[in-house]
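Side chains included, hydrogens not; waters and symmetry mates left out as well; all remaining heavy atoms used. If you read the sequence from its start, that first residue is 1, and numbering goes on from there.
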Amino acid sequence: MRYTKSNGTWALYYRDRNLRFHRYDLAPPTTNINYLLNELDQDPTGIFWG
């Protein structure tokens, strides 16, 4: 996750096989970090936990 201080939002990122980070498009940036933690825990695409 990355925090943007200028607008106070958190965004969720994933790392690809080349070790590059990309924003996870299925969860928009938000001020509610619990929303992103829930998305990470559920991992509906399998991109975080396989």
With sequence neighbours excluded, tell me which residues meet side chain to side chain donor-acceptor pair (under 3.5 Å) with N7. T9

Would you say the side chain of P44 lies within less than 4.5 Å of the side chain of E39, judging by non-hydrogen atoms? yes

Quick one: name the residues clustered hydrophobically with Y13, using the 4.5 Å side-chain heavy-atom rule over I, L, V, M, F, W, Y, and just say none if it's on its own. F21

Run the side chain to side chain donor-acceptor pair (under 3.5 Å) test against T30 and tell me which residues pass, sequence neighbours left out. none

Cluster companions of L26 among Ile, Leu, Val, Met, Phe, Trp, Tyr (side-chain spacing under 4.5 Å): M1, Y3, W10, L12, Y14, Y24, I33, Y35, L36, L37, L40, I47, F48, W49

Once you round to the nearest 0.5 Å, how far does CG of D41 lie from CG of N34? 11.5 Å

What pair of heavy atoms forms the shortest contact from A11 to R23, and how long is it? CB-CD, 4.1 Å

Got a sec, which residues hit side chain to side chain donor-acceptor pair (under 3.5 Å) with N18, two or more places apart in sequence or on another chain? none

